[in-house]
Amino acid sequence: DKGGYPHFMLKEIFEQPDCLTNCMRGRVNVDTDNVVLSAIIDYKKQLINAKRFIIVACGTSWHAGQIGKQMIENFCRIPVEVEYASEFRYRNPVITSDDVVIAISQSGETADTLAAVKLAKDNGAFIYGICNAIGSSIPRATNTGSYIHVGPEIGVASTKAFTGQVTVLTMLALALAKEKGTISSSDYLEIVKELHEIPEKMKKVLELNDRISELSRIFTYAHNFLYLGRGYSYPVALEGALKLKEISYIHAEGYPAAEMKHGPIALIDSDMPVVVIATHNAMYEKVLSNIQEVKARKGKVIAIVTEGDDNISRIADEVIELPTTIECLEPLLATIPLQLLAYHIAVCKGKNVDQPRNLAKSVTVE
Ligand code: F6R
């Protein structure tokens with residue numbers, strides 16, 4: 001049942017505030033200023049003593065892992081590697097009993113991720129799963145884990161599972177950091193409070209749907225798109241590019257913004273739309289100068305900014321404003337306009353957004 005929406009994908013994009021509320025229910029408690037994940041209570045020793053985390057995943061789930069890496073390293077001071085499950089399983093990787101492997105999978109059935117879990121387990125690592133489909137193969141193969149509880153995802157392009165995965169990774173990083181004493185109590189409290197506010201802020205972002213639908217029409221001509229971001233926004237750029245290519249069949253690449261001058265800048269001309277996540281954070285000035293470089297070459301800039309930004313509004317072709325939040329939580333808001341942009345461009349081009357060609361919802365063969 002599409003619940004009155006023309007496609008499952010749009011329904012699932014709009015469900016995200018409720019999904020995240022469900023995901024955080026009983027886990028993020030603002031009254032007691034606390035984040036509780038049962039897996040951390042039950043397996044505290046294994047998780048706290050981990051010398052390294054290795055995240056294994058594919059596709060969109062791998063992008064969520066890239067955001068998780070930054071949070072775990074920032075707050076817990078434990079090194080994190082993010083691996084494509086398909087590469088990891090065939091590479092003879094170094095795995096020891098001091099490692100905790102985090103397997104991220106919406107379906108819980110992805111063949112490569114499941115094989116990576118089995119390999120890591122055979123080598124003595126402790127396995128933590130972050131999955132959506134209850135009772136699926138990956139959760140059954142792990143030692144413990146946390147479900148994202150976002151409900152069944154029908155659209156082939158993953159949307160609400162991504163934000164659910166990022167939310168669980170945020171809770172995991174916060175809860176672990178508190179146990180390890182690697183985060184100040186003021187930072188912890190500030191992030192917990194702000195995380196609780198995210199579903200309401202997401203609703204405000206979803207109000208931009210009509211505006212994004214309108215601007216999408218301008219860009220259906222494009223054969224290539226570049227997506228740029230830095231820090232926490234870099235994986236968001238990767239995810240935005242993946243969404244566009246899978247449902248609209250427009251070639252798109254996500255890049256760390258500063259890498260642009262090491263190659264992709266050669267592609268920029270007046271036909272090239274560049275989506276830049278340029279929210280107001282530590283990297284703002286640097287990303288602003290990337291936007292100037294794109295404009296100097298007549299590229300078309302679609303900028304995702306923090307509300308009230310007037311520097312970028314003056315130079316970008318299109319500007320999408322997000323509510324303010326803490327830097328590590330920006331991906332949860334910045335992803336939404338990119339999902340909507342991909343959706344509307346694909347719809348304008350008459351593509352089957354819920355079942356794009358050549359793609360399956362769960363990849364149970366390698
Ligand atoms: C992209 C997408 C895929 C999946 C990938 C992993 O929109 O849906 O890239 O993210 O196939 O799937 P799961 O998370 O089920 O292991």
Q | Ion pair check, K361 and E153, cut-off under 4.0 Å | A | yes
Q. Relative to each other, are the rings of Y43 and F126 parallel, tilted or perpendicular (30° and 60° limits)?
A. tilted
Q.
Rounded to the nearest 0.5 Å, what separates atom CZ in R230 from atom CD in E259?
A. 9.5 Å
Q) Do we see a donor-acceptor contact under 3.5 Å between the side chains of E109 and S137? A) yes
Q.
Working to the nearest 0.5 angstrom, can you tell me the gap between Q106 CD and T159 OG1?
A. 9.5 Å
Q.
Under a 3.5 Å threshold, yes or no: a donor from one side chain and an acceptor from the other, between E366 and Y90?
A. yes
Q: Measure up the H149 and Y147 rings against each other and bin them: parallel (under 30°), tilted (30 to 60°), perpendicular (over 60°).
A: tilted
**Q.** Donor-acceptor under 3.5 Å (K245 side chain, A252 main chain)
**A.** yes
Q. Are S146 and R27 close enough, and set up right, to give a side-chain contact (heavy atoms from CB on, under 4.5 Å), and what steps lead you there?
A. CA-CA 11 Å; S146 306; R27 294 166 160 179; 3.9 Å; yes
Q) Roughly how far, to the nearest 0.5 Å, is the CD1 atom of I277 from the CD atom of E239? A) 10.5 Å
Q) To the nearest 0.5 Å, what is the distance between CD1 (I320) and CG (L215)? A) 5.0 Å
Q) Could you state the interatomic distance from NZ (K349) to CD1 (I247), rounded to the nearest 0.5 Å? A) 11.5 Å
(Q) Salt bridge or not between E83 and R89? Use side-chain N to carboxylate O under 4.0 Å. (A) no
Q.
Please check: side-chain N/O of T110 versus main-chain N/O of V363, any donor-acceptor pairing under 3.5 Å?
A. no
Q.
Quick one: does any side-chain atom of S362 pair with a main-chain N or O of T364 as donor and acceptor, under 3.5 Å?
A. no
Q: Output the distance between atom OG (S216) and atom OH (Y343), rounded to the nearest 0.5 Å.
A: 10.5 Å
Q. Mind checking whether P356 and Y249 have side chains closer than 4.5 Å, heavy atoms only?
A. yes
Q: Would you mind reporting whether K261 and E293 have side-chain heavy atoms less than 4.5 Å apart?
A: yes
Q) Between N34 and Y188, is any side-chain donor less than 3.5 angstrom from a side-chain acceptor? A) yes
Q: Output, in order, the C-alpha distance, side-chain angles, deciding distance and verdict of salt bridge (Lys or Arg N to Asp or Glu O under 4.0 Å) for K69 and E73.
A: CA-CA 6 Å; K69 168 190 167 83; E73 290 193 341; 3.5 Å; yes
Q: For Y128 and I104, run side-chain contact (heavy atoms from CB on, under 4.5 Å): C-alpha distance rounded to whole Å, both residues' side-chain angles, the deciding distance at 0.1 Å, then the answer.
A: CA-CA 9 Å; Y128 187 108; I104 309 177; over 6 Å; no
Q: List the steps and the verdict of side-chain contact (heavy atoms from CB on, under 4.5 Å) for M272 and K300.
A: CA-CA 6 Å; M272 182 79 163; K300 298 278 179 291; over 6 Å; no
(Q) Could you check whether K295 pairs with D317 (Lys NZ or Arg NE/NH1/NH2 to Asp/Glu carboxylate O, under 4.0 Å)? (A) yes
Q. Pick one: which of L340, V347, V353, D354 meets side chain to side chain contact (heavy atoms under 4.5 Å, CB included) with L10?
A. L340
(Q) Could you check whether E246 pairs with K243 (Lys NZ or Arg NE/NH1/NH2 to Asp/Glu carboxylate O, under 4.0 Å)? (A) yes
Q.
Ignoring hydrogens, what is the shortest heavy-atom contact between M202 and T163? Give both atom names and the distance.
A. CE-CG2, 3.8 Å
Q. Are any side-chain N or O atoms of D1 and backbone N or O atoms of G3, one a donor and one an acceptor, separated by less than 3.5 Å?
A. yes
Q.
Any carboxylate oxygen within less than 4.0 angstrom of a Lys/Arg side-chain nitrogen, looking at K204 and E207?
A. no
Q: Mind listing the closest non-hydrogen atom pair of C19 and V150 along with its distance?
A: SG-O, 3.4 Å
**Q.** Main-chain N/O of T32 paired with N29 side-chain donor or acceptor, under 3.5 Å
**A.** no
Q. Is there a path of hydrophobic side-chain contacts, each under 4.5 Å between heavy atoms of I, L, V, M, F, W or Y residues, that connects V236 with M283?
A. no
Q: Verify whether one side chain among N281 and Y232 offers a donor that lies under 3.5 Å from an acceptor in the other.
A: no
Q.
I'd like to know whether NE2 of H223 has more than 12 heavy-atom contacts from other residues, nucleotides or ligands below 6.0 angstrom.
A. no
**Q.** Option from Q339, Q165, E15, E12 for which side chain to side chain donor-acceptor pair (under 3.5 Å) with K160 holds
**A.** E15
Q) Can you check whether L341 reaches V275 side chain to side chain, under 4.5 Å on heavy atoms? A) yes
Q) Is the backbone of A141 close enough, under 3.5 Å, to the side chain of K118 for a donor and an acceptor to pair up by distance? A) no
**Q.** Exercise: do N209 and H344 side chains pair donor with acceptor under 3.5 Å
**A.** yes
Q.
Count I, L, V, M, F, W, Y as connected when their side-chain heavy atoms are under 4.5 Å apart, and connections chain through other members. Are V305 and L332 then in the same cluster?
A. no
Q. Is there a side-chain contact between I312 and I291 (heavy atoms, below 4.5 Å)?
A. yes
Q: Could you give me the CA-CA distance, side-chain angles and deciding distance for V28 and M171, then say whether side-chain contact (heavy atoms from CB on, under 4.5 Å) is met?
A: CA-CA 8 Å; V28 174; M171 295 189 286; 3.5 Å; yes
Q: Check whether any side-chain heavy atom of T170 lies under 4.5 Å from a side-chain heavy atom of L174, and answer yes or no.
A: yes
Q. Are T325 and E330 close enough that a side-chain donor and a side-chain acceptor fall under 3.5 Å?
A. no
Q: Determine whether more than 12 heavy atoms belonging to other residues, nucleotides or ligands lie under 6.0 Å from atom CG of D122.
A: yes
Q | Donor-acceptor contact below 3.5 Å, side chain N123 vs main chain A120 | A | no
Q: List the steps and the verdict of ring pair (Phe, Tyr, Trp, His ring centres under 6.0 Å) for Y255 and Y227.
A: CA-CA 6 Å; Y255 253 92; Y227 285 71; over 10 Å; no
(Q) Looking at every heavy atom in both V117 and A103, which two are closest together, and how far apart are they? (A) CG2-CB, 3.4 Å
Q) Side chains of T306 and Y284: does their closest heavy-atom pair fall under 4.5 Å? A) no
Q: Write down the atom of S270, the atom of Y221, and the distance for their closest heavy-atom approach.
A: O-OH, 4.2 Å
Q.
Strictly distance-based, threshold 3.5 Å: is any side-chain N or O of Q16 a donor or acceptor partner for the main-chain N or O of I13?
A. yes
Q: Please say whether more than 12 non-hydrogen atoms of neighbouring residues, nucleotides or ligands are located less than 6.0 Å from CD in E307.
A: yes
Q: Taking the side chain as every heavy atom from C-beta outward, state whether L226 and L228 have any atom pair closer than 4.5 Å.
A: yes
**Q.** Nearest non-hydrogen partners of A39 and G145, listed with the distance
**A.** CB-O, 3.7 Å
(Q) Does any part of the side chain of H280, heavy atoms only, come nearer than 4.5 Å to the side chain of D309, both counted from C-beta? (A) yes
Q. Quick one: do L169 and V192 end up in the same hydrophobic cluster if we chain Ile, Leu, Val, Met, Phe, Trp and Tyr together by side-chain heavy atoms under 4.5 Å apart?
A. yes
Q) Is it the case that one hydrophobic cluster holds both V101 and Y84, taking links as side-chain heavy atoms less than 4.5 Å apart, direct or via other members? A) no
Q: Taking all non-hydrogen atoms of both residues into account, name the closest pair between N290 and M260 and its distance.
A: O-CE, 3.7 Å
Q) Are L176 and L189 joined in one hydrophobic group, where the rule is that I, L, V, M, F, W and Y side chains link up if heavy atoms are under 4.5 Å apart? A) yes
Q. Salt bridge or not for E194 and K201, using N-O below 4.0 Å?
A. yes
